[in-house]
Amino acid sequence: MTSSQGESAKGQGALRERPVGLVGLGLIGGSLGLDLQAAGLEVRALVHRESTAERARERQLAQHIDTDPAVLQGCGLIVLALPLDRLLEPPAELLAALPPDAVITDVGSVKQPVLKRWQPLHPRFVPSHPMAGTAEAGVEAGLAGLFAGRPWVATPSSSTDPTALALVQELAAVVQAQWLCCEAAAHDRAVALISHMPVLVSAALLEAAEQGGHAAGAEALVRQLASSGFADTSRIGGGNPELGALMARCNREAVLQSIALYRQQLAELETLVEQQAWPALQQRLEHCQALRPEFL
């Protein structure tokens, strides 16, 4: 975080003065709606389908939910809780409905292309990324408390409005997230290592177990013996396929670099096993045992 960005983020926000708008009520949007209402804020939401709106009203994900973009009028902050592809190709009717004086932020897991796309579209856009989630998606996925204690990363540019940045920081504080600021490129490299590449590694683990079980004629046994360790390491590979593919597509260069680094580490471990270098292998695993708490 630069010193100027740090100072601006300490300013007094005005989140409670006007309604908060949500575009999308999936996992992130729905969870935000629940938390913001619990904190006493008025929440308005725009969704794509009437069936989604009906179910969202039943779940009380916002006080006002509609398929008409006019529902966003009067909002002081609007959160674009959209998939990356829709975020990078926003509908014209959505752009037309965004109040010029509102602060706009997003929740996308890749920041460089989002910043490049949205900075010219709206004068008060702040790219951000709450790093919280589950394997669930859709209108049923939202749950209270999702963001508590989790990082909420903003990636402002030198031209980002300081008061807009402060308002997004206030949003993160209301949902009890941990606020961070960094450059968009640094964010994308980091999430490739700790989020995007692991999705593909986890997927590869699942397919290796499937193919290995089939080759050994033990498909059922492999599944029956899978327990908590396999569940932990395979969880994200069995998550939302659309999200995983979009992350790889929108952060392709950083993901490829991360996979290459992972392949190198795996090859080194493979060599130790081939050479029966058990003390060296144990030393590597001891290093990993000590390293893991630093990431958690």
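We use all heavy atoms of the structure for the numbers below, so side chains are in, but hydrogens, waters and symmetry mates are not.
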Would a distance-only check, ignoring hydrogens and angles, find a side-chain to backbone donor-acceptor pair under 3.5 Å from [X] to [Y]?
X	Y	result
Gln37	Gln60	yes
Asp35	Gly145	yes
Arg292	His287	no
Ser202	Thr233	yes
Arg150	Met131	yes
His129	Pro151	no
Gln176	Gly149	no
Arg59	Glu140	yes
Gln73	Ala97	yes

Quick one: do Leu95 and Trp118 satisfy side chain to side chain contact (heavy atoms under 4.5 Å, CB included)? Show the steps, please. CA-CA 10 Å; Leu95 295 177; Trp118 274 88; 3.5 Å; yes
Is any side-chain heavy atom of [Y] closer than 4.5 Å to one of [X]?
X	Y	answer
Pro19	Gln63	no
Val168	Val103	yes
Pro293	Leu296	no
Val114	Leu80	no
Leu193	Leu261	yes
Leu27	Leu143	yes
Leu87	Pro83	no

Take atom [atom1] in [X]; do more than 12 heavy atoms of anything else shown fall under 6.0 Å from it?
X	atom1	value
Glu89	CD	no
His214	NE2	no
Arg18	CZ	yes
Gln283	CD	no
Glu93	CD	yes
Glu268	CD	yes
Glu136	CD	no

Salt-bridge present (Asp66, Arg57; N to O < 4.0 Å): no
Would Lys111 and Asp188 pass as an ion pair if we require N to O under 4.0 Å? no
Candidate list Thr105, Thr155, Asp106, test side chain to side chain donor-acceptor pair (under 3.5 Å), partner Ser128, passing option: Thr105
Could you see if [X] belongs to whatever hydrophobic cluster contains [Y]? Use Ile, Leu, Val, Met, Phe, Trp, Tyr and a side-chain cutoff under 4.5 Å.
X	Y	result
Leu291	Leu269	no
Trp179	Val79	yes
Leu34	Val47	yes
Ile104	Val20	no
Val43	Val71	no

Would [X] and [Y] count as having a side-chain donor-acceptor pair, cut-off 3.5 Å?
X	Y	answer
Gln265	Arg284	yes
Gln282	Glu286	yes
Arg189	Ser258	no

Would you compute the distance between atom [atom1] of [X] and atom [atom2] of [Y] and round it to the nearest 0.5 angstrom?
X	Y	atom1	atom2	value
Glu50	Ile65	CD	CD1	10.0 Å
Ile28	Leu146	CD1	CG	5.5 Å
Leu88	Leu246	CG	CG	8.5 Å
Leu115	Thr160	CG	OG1	6.5 Å
Gln169	Leu180	CD	CG	10.0 Å
Arg249	Glu242	CZ	CD	9.5 Å

What is the minimum heavy-atom distance between [X] and [Y], and which atoms define it?
X	Y	value
Val255	His196	CG2-CB, 3.7 Å
Val110	Cys250	CG1-O, 3.4 Å
Arg124	Ala164	NH2-N, 3.7 Å
Cys181	Leu165	SG-CD1, 4.3 Å
Ser109	Val191	O-CG2, 3.6 Å
Pro198	Ala192	CD-O, 3.7 Å

Please test Glu54 against Arg49 for side chain to side chain contact (heavy atoms under 4.5 Å, CB included), starting from the C-alpha separation and ending with a verdict. CA-CA 9 Å; Glu54 291 175 3; Arg49 298 179 181 86; over 6 Å; no
What is the ring orientation for Trp152 with Phe147, classed by angle as parallel under 30°, tilted 30 to 60°, or perpendicular over 60°?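 If you compare the ring of Trp152 with that of Phe147, the planes turn out tilted.
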Show the numbers, then the answer: is there a side chain to side chain contact (heavy atoms under 4.5 Å, CB included) between His48 and Thr52? CA-CA 7 Å; His48 188 57; Thr52 302; over 6 Å; no
Step by step, work out the side chain to side chain contact (heavy atoms under 4.5 Å, CB included) result for Glu42 and His64. CA-CA 9 Å; Glu42 180 184 348; His64 308 280; 3.4 Å; yes
